[in-house]
Amino acid sequence: MTFMTHLECTQTGQAFDPDELHNLSPAGAPLFPRYDLAAAREKFRREDVAAGPPNLWRYGPLLPVRKRDEAVSLGEGWTPLLHARRLGRAYGMERLLIKEEGVNPTGSFKARGLVMSINRARELGVEAVVIPSAGNAAGAMSAYAAAAGMKAVVFMPRQTPSAFVFECQGLGAEVHLVDGLITDCGKLVAEKKEAEGWFDQSTFKEPYRVEGKKTMGYELAEQLGWRLPDVIIYPTGGGTGLVGMWKAFAEMEELGWIGPKRPRMVSVQSDGCAPIVRAFEEGCEKASYWENAQTLASGLRVPAAVADFLILRAIRESSGAAVAVSDEDMLRCSWQLAALQGVLPAPEGGATLAALGTLLETGQVQRHEEVVLFNTGSGYKYQENMPLEGL
Ligand SMILES: *Cc1c(COP(=O)(O)O)cnc(C)c1O
């Protein structure tokens, strides 16, 4: 039912059994599921995808869940790829597209990752899960844990907008508010999880969230008639989406579904927390810790990412870029996106539009190019962080 063969350490290439529970590899790096793509190429075709369900399970054989018919699902994925005509016109562009991830269950693309990690954890006998989160990941985990009948424990910064706390509590999770950042939440999780018997769902610290996120890459290709755009602009915190899509493109080429052409991958961060942008500009392979991280986009308040080297590698291999934008621009662009496209975006979504403005000014993106902005979440949960005075 799945073509998954093994897990591979992204640093050493060492192989691991996917039917045992894993967090990071012994080398301290993320693990990637690998598939028998040669077999999949023969047995699973684009026509089979087209005949599949209108959610991310249409790519089921290329996902790690073994028993799909028993899997928990809330209808995640297969989100609209909107042609932003009015917004595009304001920027002098014909082909400006928005991948609208705000319509996922729990209002963000985090649903894609967590549906995969929770289903795998369930298949491997886990009964309690824990996550350090800036908000959306915790909401998604709480929802899927509830559907799967698992105990959910959440550690969130006290600064997180209250709708995220409400959501997790409403979905039955045990919520701990922490004075500090997501990295401080992560430290608490690491300290407590073993004694408590909680399985850690942190970004890249288990092998399967990235597999859910990679489906954004598959969808993009399928929705464009099995080709890819010129540029993808993506708001980057832990980087799962960017790294996942890059993995999806390589898999699709091996499957014979697309050619070698790749989009330029642009990573957007807030200038109040831009470790990846700084590392990219300095030519570093890894990013160093960002002190005093601050931004109203809680999903981007991530001062250190375990997969920093994978994010930077994908940006460079794609001849892409990394751009920091101010919170002020992020907010202005969020309201512009709302007014000209009818989508109330998360500030992280607004950040992609702010980055587009910069890239057009510097000539790194041309107006005739086809550009996809990722609105990674809905704005509905961010009310305290998004003052309407900015409108
Ligand atoms: C988590 C989050 C991000 C960052 O996503 P990564 O894949 O971890 O880089 C961006 N936008 C929103 C709305 C988020 O919730």
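Whatever order the structure lists them in is the order used to number ligands and atoms, beginning at 1. The first residue in the sequence is number 1, and the count goes up from there. In what follows, every heavy atom counts, from backbone to side chain, and hydrogens, waters and symmetry copies are set aside. Not measured: the values here are computed from a predicted model.
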* To do: State the atoms of ligand 1, each with its element, that fall below the 4.0 Å cut-off from a heavy-atom position in Lys213.
  => 7 (O)
* To do: Considering the heavy atoms of Gly241, write down every atom of ligand 1 situated less than 4.0 Å from one of them.
  => 7 (O)
* Closest by any non-hydrogen atom to atom 6 (P) of ligand 1: pick that one out of Ala351, Ala307, Gly239, Pro235. => Gly239
* Asked: Under a 4.0 Å heavy-atom limit, does Tyr382 contact ligand 1 with its side chain, its backbone, both, or neither?
  -> side chain
* Determine whether the side chains of Asn55 and Glu76 contain a donor N or O and an acceptor N or O closer than 3.5 Å. => no
* Is Arg120 positioned over the aromatic face of Tyr208, cation under 6.0 angstrom from the ring centre and no more than 45 degrees off axis? -> yes
* Asked: Which bit of Thr240 is near ligand 1, meaning a heavy atom under 4.0 Å away: side chain, backbone, both or neither?
  -> both
* Structure fact -> When distances are taken from atom 8 (O) of ligand 1, the protein heavy atom at minimum range is Gly238 N, 3.0 Å
* Structure fact -> The protein heavy atom nearest to atom 7 (O) of ligand 1 is Tyr234 OH, 2.6 Å
* Structure fact -> Judged by heavy atoms only, the candidate from Val302, Thr376, Ile276 nearest atom 12 (C) of ligand 1 is Thr376
* Hey, are Glu70 and Arg122 close enough for a salt bridge, meaning a charged N less than 4.0 Å from a carboxylate O? -> no
* Asked: Where does the angle between the aromatic ring planes of Trp198 and His176 fall among parallel (under 30°), tilted (30 to 60°) and perpendicular (over 60°)?
  -> tilted
* Structure fact -> atom 5 (O) of ligand 1 sits nearest the protein heavy atom Phe109 CZ, 3.2 Å
* Can you label the angle between the Tyr234 ring and the Phe374 ring as parallel, tilted or perpendicular, going by 30° and 60°? => perpendicular
